[in-house]
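By convention here, the first residue in the shown sequence is residue 1.
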Amino acid sequence: MTRTPNPRELSARSADGSRLHIEVYGSEGAPAIVLIHGWTCSTRFWAAQIDALSVDHRVIVYDQRGHGRSPAVGRGGYTTDALADDLEAVLGVTLAPGEKAVLAGHSMGGMTLMAASARPAVREHAAAALLCSTGSSKLVAESRVVSMRPGRVRTRLTRLILGARAPLGPVTPVSKRILRYGTMGPGTAPDRVAACARIVHACPRAVRVAWSHVLGELDLDAGVGELRVPTAVVVGTADRLTPPVLARRLAERLPDCVGITELTGMGHMMPVEAPEAVTAVIRGLADDHLTTERAADNATEESAV
C-alpha cells in the first residue's frame with residue numbers, strides 16, 4: 001500500500017476534549033472528500049484512496065478516537081454520540097463555513113455518519129455520502145464469522161469472538177489466515193492481507209474491546225433516515241462482519257439512495273481488497289455532487305458581479 005507523502009497534519013478537540021489526529025492531502029481549494037475509517041483501523045487504511053483522489057481533490061482523513069495517532073479515552077468515552085462529536089469537530093477544523101464535501105465511511109466509519117446524520121455540521125457540509133461495508137443494527141446477529149445456522153448460539157459465540165480480550169500479538173502467517181477468514185474475501189492478494197493485518201494488529205487491545213461492546217449493542221436505524229443526502233452503499237458478497245443483508249436494509253431505508261453495489265467475492269475490508277472499485281464510487285459521488293455545488297457557487301458569484 002503506497003502513501004502520498006507529506007500530508008498537512010492538524011488536530012481537533014472533540015466535545016469532551018479528546019484530541020483527534022487529522023491528515024489533509026491534495027491542494028487547498030480543491031473539492032473536499034472526508035474518509036472515515038472503521039473499527040481497529042487508522043488513516044493508513046485509506047492509502048489507496050488517498051493516492052488516487054488527492055491528485056485532484058483535497059482528501060481529509062482522521063484517526064477515530066483510540067486508533068492510530070488519536071489517543072485512547074476514558075471508559076465512558078466510547079459511544080456513538082462520541083463518534084458523531086468527533087466527526088463534527090473534524091469538519092469544523094478542516095472545512096470552511098458552508099463548504100461541501102463527500103463523506104465516505106467504512107464499517108464503524110459508516111456508523112459514524114449514521115450517528116452524526118442529524119448533526120448541524122453534517123447538514124452544513126455533506127454533499128453526498130458513501131456507506132461502505134457497514135450496518136445500522138443487528139450486527140452480531142447477522143454476522144457470519146461463525147459458520148453455523150443463525151440463532152442464539154451463533155450470536156453468543158460471535159459476541160465472544162468479537163469482544164475477545166486476548167491480545168492479537170505479532171503479525172504471523174497464522175494471524176493473517178485468521179484475519180483473512182474473518183474480514184476479507186478468500187481470493188484477496190497476500191500483500192493486501194498483510195497490509196490489513198499490520199493496521200489491525202496496531203490497534204490497542206483495550207480500544208478494540210471497548211468499541212466491540214459499542215458495536216455489539218448498536219442501533220442507529222433512526223440515523224439512517226436522517227442521512228438526507230445522495231448516498232451510495234457498497235458491500236462485498238463475502239463480507240462476514242457486515243453481510244449484504246445489512247447493506248440492503250440501508251439501501252431500503254435511506255431517503256436518497258443512489259445505488260447499492262455488491263462486489264462478488266469481496267469481504268469486509270473493501271477499500272483495501274477492491275481499492276479501484278471503492279475509489280470509483282467516491283469519485284463518482286464527487287463528480288456528480290461536488291462539481292454541481294461548485295458550479296452553482298460560481299454562477300452565484302458571477303451574477304453578483
### Query
Where do Pro186 and Ala238 come nearest, in terms of heavy atoms and distance?
CD-CB, 4.3 Å

### Query
Between Leu162 and His213, is any pair of side-chain heavy atoms under 4.5 Å apart?
no

### Message
Please give me the minimum heavy-atom distance between Pro244 and Glu262, naming the atom from each residue.
### Response
CB-OE1, 4.1 Å

### Close side-chain approach of Val278 and Leu130, heavy atoms under 4.5 Å
yes

### Task
May I ask whether Val140 and Leu250 are part of the same hydrophobic cluster, defined by side-chain heavy atoms of I, L, V, M, F, W, Y residues being less than 4.5 angstrom apart, directly or through others?
no

### Message
One thing to verify: whether Asp56 and Arg283 come together as a salt bridge, which I'm taking to mean a side-chain N less than 4.0 angstrom from a carboxylate O.
### Response
yes

### Query
Nearest heavy-atom pair of Ser117 and Arg123: which atoms, and what distance?
O-NE, 3.3 Å

### Task
Please check if any side-chain donor atom of Gln64 sits under 3.5 Å from a side-chain acceptor atom of Thr112, or the reverse.
yes

### Task
Would you mind reporting whether Ser11 and His21 have side-chain heavy atoms less than 4.5 Å apart?
no

### Any donor-acceptor N or O pair under 3.5 Å, side chains Glu273, Thr188
yes

### Message
Quick one: does any side-chain atom of Arg253 pair with a main-chain N or O of Arg248 as donor and acceptor, under 3.5 Å?
### Response
no

### Query
Tyr62 side chain to Val34 main-chain N or O, any donor-acceptor pair under 3.5 Å?
no

### Query
So, does Arg154 use its side chain to make a donor-acceptor pair with the main chain of Ala141 at under 3.5 Å?
yes

### Query
Between CZ of Arg44 and CZ of Arg198, what distance do you get to the nearest 0.5 Å?
6.5 Å

### Message
Treating Thr79 as the side-chain partner and Ala82 as the backbone partner, does any N or O pair qualify as donor plus acceptor under 3.5 Å?
### Response
yes

### Task
Keeping the roles fixed (side chain from His67, backbone from Arg65), state whether a donor-acceptor pair exists under 3.5 Å.
yes

### Same apolar cluster: Val235 and Leu131, side chain cutoff 4.5 Å
no

#### Entry: Side-chain (Ser54) to main-chain (His57) donor-acceptor, under 3.5 angstrom
no

### Query
Taking C-beta and beyond as the side chain, do Val209 and Val207 meet within less than 4.5 Å on heavy atoms?
no

### Query
Linking I/L/V/M/F/W/Y whenever any side-chain heavy atoms sit under 4.5 Å apart, do Val122 and Ile22 land together?
yes

### Message
Could you walk me through whether Arg228 and Asp256 satisfy the salt bridge (charged side-chain N to carboxylate O under 4.0 Å, His left out) test, starting with their C-alpha distance in whole Å, then the side-chain angles of each, then the deciding distance to 0.1 Å, before giving a yes or no?
### Response
CA-CA 6 Å; Arg228 300 173 185 170; Asp256 188 5; over 6 Å; no

#### Entry: Over all atoms of both residues, closest heavy-atom pair of Ala274 and Met266
CB-SD, 3.8 Å

#### Entry: CE-OG1 distance between Met108 and Thr242, expressed to the nearest 0.5 angstrom
13.0 Å

### Query
Under 4.5 Å between any side-chain heavy atoms of Met111 and Leu139, yes or no?
yes

### Query
Any chain of hydrophobic side-chain contacts (each under 4.5 Å) joining Met269 to Ile178?
no

### Query
Side-chain contact, heavy-atom cut-off 4.5 Å: Leu241 with Arg144?
no

### Task
Considering non-hydrogen atoms only, spot the tightest contact between Glu99 and Ala32 and give its length.
OE2-CB, 3.9 Å

### Task
Please work out which of the three classes, parallel, tilted or perpendicular, describes the rings of His268 and His106, given edges at 30° and 60°.
tilted

### Query
When clusters are formed by joining ILVMFWY residues with side-chain heavy atoms under 4.5 Å apart, either directly or through shared neighbours, do Val24 and Val93 land in the same one?
yes

### Task
Output, in order, the C-alpha distance, side-chain angles, deciding distance and verdict of side chain to side chain contact (heavy atoms under 4.5 Å, CB included) for Cys196 and Phe45.
CA-CA 7 Å; Cys196 275; Phe45 188 75; 4.2 Å; yes

### Query
Are side-chain N/O atoms of Ser136 and Asp221 paired as donor and acceptor at under 3.5 Å?
yes

### Task
To the nearest 0.5 Å, tell me how far Leu179 CG sits from Met184 CE.
6.5 Å

### Query
Under 3.5 Å, side chain of Ser175 to main-chain N/O of Thr172, donor-acceptor pair present?
yes

### Query
CE/Met270 to SG/Cys132 distance, rounded to the nearest 0.5 angstrom?
5.0 Å

### Task
Mark yes or no for whether Arg240, through its side chain, and Gly267, through its backbone, hold a donor-acceptor pair below 3.5 Å.
no

### Message
On the six-membered ring of Tyr25, is Arg58 placed so that its NZ or CZ lies under 6.0 angstrom from the centre and within 45° of the ring axis?
### Response
no

### Query
Is there a side chain to side chain contact (heavy atoms under 4.5 Å, CB included) between Glu23 and Arg8 once you walk through the steps?
CA-CA 6 Å; Glu23 298 173 9; Arg8 296 183 297 283; over 6 Å; no

### Side-chain heavy atoms of Val59 within contact of Leu35, under 4.5 Å
yes

### Message
Taking Lys100 first and then Glu124, would you say they form a salt bridge - that is, a charged N and a carboxylate O separated by under 4.0 Å?
### Response
no

### Query
Looking only at heavy atoms, which two atoms of Cys257 and Val233 are closest? And how far apart?
SG-CG2, 4.3 Å

### Task
Return yes if a side-chain donor-acceptor contact under 3.5 Å exists between Asp85 and Ser14, otherwise no.
no

## Note on the structure
Here the gap from Trp39 atom CH2 to Ser212 atom OG, rounded to the nearest 0.5 Å, amounts to 5.5 Å

### Ser18 side chain to Asp16 side chain, donor-acceptor N/O pair below 3.5 angstrom
yes

### Task
State whether Glu142 and Arg249 are salt-bridged, where the test is any N-O pair (Lys NZ or Arg NE/NH1/NH2 against Asp/Glu carboxylate O) under 4.0 Å.
yes

### Message
Walk me through whether Leu263 and Thr237 qualify under side chain to side chain contact (heavy atoms under 4.5 Å, CB included).
### Response
CA-CA 6 Å; Leu263 293 182; Thr237 61; over 6 Å; no

### Query
Quick one: does Thr155's side chain have a donor or acceptor within less than 3.5 Å of a partner on Gly151's backbone?
yes

#### Entry: Criterion side chain to side chain contact (heavy atoms under 4.5 Å, CB included) on Val224 and Leu254, from CA distance to verdict
CA-CA 6 Å; Val224 180; Leu254 284 165; 3.7 Å; yes

### Message
Could you check whether any side-chain N or O of Thr134 sits under 3.5 Å from a backbone N or O of Ser107, counting only pairs where one atom can act as donor and the other as acceptor?
### Response
yes

### Summary
Output for pair (Ile60 CD1, Leu91 CG), nearest 0.5 Å, gives 7.5 Å

#### Entry: Salt bridge Arg69-Asp63, side-chain N to carboxylate O under 4.0 Å
no

